[in-house]
Amino acid sequence: MSDPKTAEKHDTALMEKIVSLCKRRGFIFQSAEIYGGLNGCWDYGPLGAELKRNLKDLWWRRYVHGRDDIVGLDGSILTHQDVLKASGHVGGFSDPMCDDLLTKERLRADQITPQSGTVLRFSGATHEESGFSVERSYAVLIREGEDENKARKTAKQYYGQFLKDGQVSPKKLELQGETTEEVTDSTRFNPATGSLLTEAREFNLMFQTTMGASAEDNDPKAVAYLRPETAQSIFVQFKNVLETSRVKLPFGIAQIGKAFRNEINPRNYTFRSREFEQMEIEYFCKPEDGLRLTDEWLEDRLSFYEEIGIPREHLHILDVPDGERAHYSKKTYDIEYDFPFGIQELEGVAYRTDYDLTKHKEHSKKPMEYFDEETKEKLIPHVVEPSAGCDRTVLALICEAYEEETITDEKGKEEKREVLRFSPKIAPIKAGIFPLLKNKPELVAKAREVYDLLKPLMPVFYDEGGAIGRRYRRQDEIGTPYGITIDFETLGENGDELKDTVTVRERDSMSQERMKIEDLPAFLLRKIR
RNA sequence: GCGGGUAUAGCUUAAUGGUAAAGCUCCAGCCUUCCAAGCUGGCUAUGCGGGUUCGAUUCCCGCUACCCGCUCCA
């Protein structure tokens, strides 16, 4: 991995502008905002919903409709606990963590080297002159050959944390209630400092629930989970799809859907949220094709990002090294985007081998084999998984499209223009339709005609309020690629030649061309497809 | 989970222990022949909960959310 400190520029001010625009124009709102917000959850407003839908539609059209080797699936979110036991999410998933009480360093509880020695335990500390006192149990481990006064110094530093303003030196504290005990092979102390650790806590990232109205809270059979990834429903339904869809290896099963992880620390706007949507394909193949297909899928996915307006120069491909990959994966590429808050993962293209199908075969005791008619051989297919974060991609699209442009008008006056340069394919609104003036009924009527013509074909927005320039800018800010203006020439005031023509203003160049109304649908449909 | 910061209208900011101000946006109207013009009018705010106080948006405590740095991210 590249050094994040040198490679990344963290542009907090830019991110704040983007967040503000998203709220102001109705792309993204905080979930339950009027109740103070829900940590790590976000709602898409009218424009955000359109944007996200366009992204998902493009993906689905490209892979499910556009290819004959991929079929779709829409699995349930509530997940049988056995599915996640088989996949390893229950049990092997959570890491017990504990913190050093003195240094606050966080440690994996299962990786602490057991230690033996004498434990010096205290009940608190006081300082008579200032009236300071604190009652808290604390302990330090003294290993063989170590000085017990050093341990007392450590304890004083610990209690010193509770002093205000450092008016009293921790050294002057009186330790209270000192006792000693011998321990062997204890993992309750930080090997580096000897300081007592907090109790180990499990961080299980899955949302658990109980099924059935009469389910008792403690009934282990009633436990179900919100799926932590969409992939498992594909593996679990592998056999059903195989038997009903007449597919042959290699083939893929695609799914777009919600997944849930109880993240310890949601961060960076919608980037790491607790509820998120994935766009995943499990592409099943013969074992010998796995590595090659992983590379091919990486290329395919990069060209998808290019298609939606994220050029590959702005993407980073991380070939995840041994030891950092998930244990089941033989090869993983992370596709990362250069967000204002740093370079972060959009998608993982992972070669998962036959791990998942094998696990489900073991746990369910149901066959997961594929029978190859040509070679007359039974095999458990391997799988390549391009798994993209839908919300992350939406955020990347917005970041990529956002620009604050300084433009100079004819009088030489400089002004700022905020614009979202969405590709017409993903833009929430495809065209704004404007009568040049609101108080001329003929213009308004004609503009309404144009609006009615286009409305059934694509999302368009009619606007008659304010000066024409203002209306253009409003659409710039939400990324509408075209502005269509109905003026007096449309009505035939300058001769029949220009009658029933309108100006089409292009968002990025702000240039205009005249076009016949009857040509508008074909022109626009070509651009947005 | 730890440490630091922030929270006033849709946005950006101001002020105050005693009627919360402005710009932009938005809405309505007038005007306006292509890039945020002008005029008139209008809607809208102290995150939540306690405490101190005659009175708290302001001071104190707690909570929540967001941002930054760690940590975490199967």
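Chain letters run A, B, ... following the sequence lines, proteins first, then strands; residues in each count from 1.
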Practice prompt. Return the nucleotide paired to rC70(B): Watson-Crick means purine N1 to pyrimidine N3 with N6-O4 or O6-N4, wobble means G-U with N1-O2 and O6-N3, both under 3.5 Å.
Written response: rG1(B)
Discussion item. Just to be sure I understand the rule, does Glu415(A) reach a base, reach only the sugar-phosphate, or reach nothing, if contact means heavy atoms closer than 4.0 Å?
Written reply: sugar-phosphate
Ignoring hydrogens and angles, write down the donor-acceptor pairs under 3.5 Å from the side chains of residues 39-52 of chain A, residues two or more places apart or on other chains.
residue  : atom : partner   : partner atom : Å
Asn39(A) : OD1  : Arg274(A) : NH1          : 2.7
Trp42(A) : NE1  : Tyr269(A) : O            : 3.2
Tyr44(A) : OH   : Asp391(A) : OD2          : 2.8
Lys52(A) : NZ   : Glu277(A) : OE1          : 2.8
Lys52(A) : NZ   : Asp391(A) : OD2          : 3.1

Worksheet item: How are the rings of Phe284(A) and Phe238(A) set relative to one another: parallel (under 30°), tilted (30 to 60°) or perpendicular (over 60°)?
Response: tilted
Practice prompt. Taking atom P in both rC48(B) and rA7(B), compute the distance separating them and give it to the nearest angstrom.
Written response: 14 Å
Practice prompt. Starting from P on rU44(B), measure out to NZ on Lys23(A) and report it in whole angstrom.
Written response: 17 Å
Item to complete: Could you state the atom-to-atom distance from OH of Tyr472(A) to C1' of rA37(B) in whole Å?
Response: 16 Å
Practice prompt. Return yes if a side-chain donor-acceptor contact under 3.5 Å exists between Tyr333(A) and Glu347(A), otherwise no.
Written response: no
Worksheet item: Hey, does Arg272(A) reach any base, or is it just sugar-phosphate, or nothing, if we go heavy atoms under 4.0 Å?
Response: base
Worksheet item: Lys17(A) has an atom NZ; how far is it from atom P of rU13(B), in whole Å?
Response: 11 Å
Worksheet item: What is the distance from CD of Glu464(A) to P of rC30(B), rounded to the nearest Å?
Response: 11 Å
Discussion item. Say we look at rC24(B) and rA45(B): how far apart would their C1' atoms be, to the nearest angstrom?
Written reply: 16 Å
Worksheet item: With a 4.0 Å cut-off on heavy atoms, is Arg505(A) in touch with a base, just the backbone sugar-phosphate, or nothing at all?
Response: base
Discussion item. I need the residues from residues 484-493 of chain A with at least one non-hydrogen atom less than 4.0 Å from RNA chain B; give them sorted by number, or say none.
Written reply: Thr485(A), Asp487(A), Phe488(A), Glu493(A)
Worksheet item: Which of residues 390-402 of chain A have a heavy atom under 4.0 Å from RNA chain B?
Response: none
Fill in: Whole angstrom value for the distance that separates C1' of rC68(B) from CZ of Phe341(A)
13 Å
Pairs: protein N or O with nucleotides 65-67 of chain B N or O, under 3.5 Å:
residue : atom : partner   : partner atom : Å
rA65(B) : O4'  : Gly36(A)  : O            : 3.0
rA65(B) : O3'  : Gln30(A)  : NE2          : 3.1
rA65(B) : O2'  : Gln30(A)  : NE2          : 2.3
rC66(B) : OP1  : Gly40(A)  : N            : 3.1
rC66(B) : OP2  : Asn39(A)  : ND2          : 2.5
rC67(B) : OP1  : Tyr269(A) : N            : 2.7

Worksheet entry | Residue pairs fulfilling salt bridge (charged side-chain N to carboxylate O under 4.0 Å, His left out) with at least one residue in residues 227-236 of chain A, sequence neighbours excluded | Glu229(A)-Arg352(A)
Polar atom pairs between nucleotides 22-25 of chain B and protein, under 3.5 Å, N or O only, would you list them?
residue : atom : partner   : partner atom : Å
rU25(B) : OP1  : Arg470(A) : NH1          : 2.7
rU25(B) : OP1  : Arg470(A) : NH2          : 3.0

